[in-house]
Amino acid sequence: MEKEISKYNEAMKLAKACNDKLVEAEKAIHQVLQEDGTITELKDDTNNA
């Protein structure tokens, strides 16, 4: 039972980490959208991780 609880906790941490990444991506997308609905390109900063 302890092993299952440990695995569950690990899965919950991973799920939170994934959700946090999605929230950050959504914020970046919203920053790109202009008030008039046009889209500006994001800088490629994938190497900053």
* Atom pair CG (Leu22) and NZ (Lys27), whose distance is rounded to the nearest 0.5 Å ->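 The distance works out to 12.5 Å.
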* Asked: Is there a salt bridge (charged side-chain N to carboxylate O under 4.0 Å, His left out) between Lys7 and Glu4 once you walk through the steps?
  -> CA-CA 5 Å; Lys7 290 288 185 181; Glu4 288 82 4; over 6 Å; no
* Glu24 side chain reached by Asp20 side chain, heavy atoms, under 4.5 Å -> no
